[in-house]
Amino acid sequence: MALRKIVTDGDPVLLKHCKPVEKFDSRLAELLDDMAETMYNADGLGLAAPQVGIIRRAVVIDVSGDRSGLIELVNPEIIERSEETQYGTEGCLSFPELYGYVTRPKTVKFRAQDRNGDFYEKEVSDLFARAVCHELDHLDGRVLPDNIEEPYDPDDEK
């Protein structure tokens, strides 16, 4: 595994629509492993492939708090969104100085493939649902500044 450079604000790769993953091979496994290591090293909850300069539909997420809940989503799509919403703060590894309030569905159900190409579905809520929505936005070229409804300053809480 290796740390990859996180692409930041201003890089056009962040605004691109990602292509589906077609080859489920050692290169994909290496990408997913590197993305997880990079996410953990940056103290993130999720990381999408375009955030490391790769225009493919791949995401890693771990909202466990203790690095025990890593999930890999390849070619993910949200197939159900709850009508109930949640309003809360979000940050982004690609926009390290930006935080804001964003409304997301409280629960989402998604379909994805694992690193071997096997399909699975999962329903998640709360922070996990927020992370799925945030990371899948990256795959469609939608970034945090597009979603912020109101700015947030974490220094206000100190």
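Numbering of residues begins at 1 and proceeds along the displayed sequence.
When the side chains of ILVMFWY residues are joined at heavy-atom separations under 4.5 Å, either directly or via intervening members, L139 and F110 end up in a single hydrophobic cluster. In terms of hydrophobic clustering, with Ile, Leu, Val, Met, Phe, Trp and Tyr side chains grouped at heavy-atom distances under 4.5 Å, L136 and L47 are assigned to different clusters.
Side-chain contact of D62 with Y40: a donor-acceptor pair under 3.5 Å is present, judged by distance alone.
Atom CD of E83 has 12 or fewer neighbouring heavy atoms from other residues, nucleotides or ligands inside a 6.0 Å radius. More than 12 heavy-atom neighbours from other residues, nucleotides or ligands sit within 6.0 angstrom of CD on E149.
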Check your understanding: Taking it one step at a time, do E135 and I61 satisfy side-chain contact (heavy atoms from CB on, under 4.5 Å)?
Key -> CA-CA 8 Å; E135 298 309 329; I61 295 174; 4.1 Å; yes
Exercise for review: Would you sort out whether Y120 and L73 count as a side-chain contact (heavy atoms from CB on, under 4.5 Å), showing the intermediate values?
Suggested key: CA-CA 9 Å; Y120 69 97; L73 296 79; 3.7 Å; yes
Review point. Can you list the steps and then say if L31 with E72 is a side-chain contact (heavy atoms from CB on, under 4.5 Å)?
Key: CA-CA 11 Å; L31 171 64; E72 300 169 340; over 6 Å; no
Exercise for review: Given side-chain contact (heavy atoms from CB on, under 4.5 Å), test T107 with E84 step by step and report yes or no.
Suggested key: CA-CA 8 Å; T107 302; E84 184 180 3; 6.0 Å; no
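Looking only at side-chain heavy atoms (C-beta outward), H138 and V143 come within less than 4.5 Å of each other. Between Q86 and S125 the shortest side-chain heavy-atom distance does not fall below 4.5 Å. Using a 4.5 Å heavy-atom threshold, the side chains of Q51 and C92 count as touching. The closest side-chain heavy-atom distance from Y99 to T89 is not below 4.5 Å. No side-chain heavy atom of V124 sits under 4.5 Å from any side-chain heavy atom of I71. For the pair R4 and M35, the minimum side-chain heavy-atom distance is 4.5 Å or more. Between K109 and I78 there is no side-chain heavy-atom pair separated by less than 4.5 Å.
Atom CG of D34 is separated from atom CG of N41 by 12.0 Å, given to the nearest 0.5 angstrom. Of the inter-residue distances, the one linking Y152 atom OH with L98 atom CG reads 12.5 Å to the nearest 0.5 angstrom. Taking NZ from K106 and CG from D126, the interatomic distance works out to 3.5 Å, rounded to the nearest 0.5 Å.
Nearest heavy atom pair, residue F95 against residue P145, reads CE2-CG, 3.6 Å. When every heavy atom of L32 is checked against every heavy atom of A58, the shortest pair comes out as CD2-CB, 4.2 Å. The minimum heavy-atom distance between T38 and A2, with the atom names listed, is OG1-O, 3.9 Å. Between G53 and V7, the closest heavy-atom pair is N-CG2, 3.5 Å. When all heavy atoms of V108 and C133 are compared, the pair lying nearest together is CG1-SG, 3.8 Å. When all heavy atoms of P96 and T8 are compared, the pair lying nearest together is CD-CG2, 4.4 Å.
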Under 3.5 Å, which donor-acceptor pairs do the side chains of residues 12-29 form with other protein atoms, sequence neighbours left out?
from	atom 1	to	atom 2	distance (Å)
H17	ND1	D140	OD1	3.2
D25	OD1	R27	N	3.1
D25	OD1	L28	N	3.1

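A distance-only check finds a donor-acceptor pair linking the side chain of R130 to the backbone of V102 [under 3.5 Å].
With M39 as reference, L70 is the one residue of V52, L45, L70 to meet the side-chain contact (heavy atoms from CB on, under 4.5 Å) rule.
Here R104 pairs with D137 in a salt bridge; the nearest charged N to carboxylate O distance falls below 4.0 Å.
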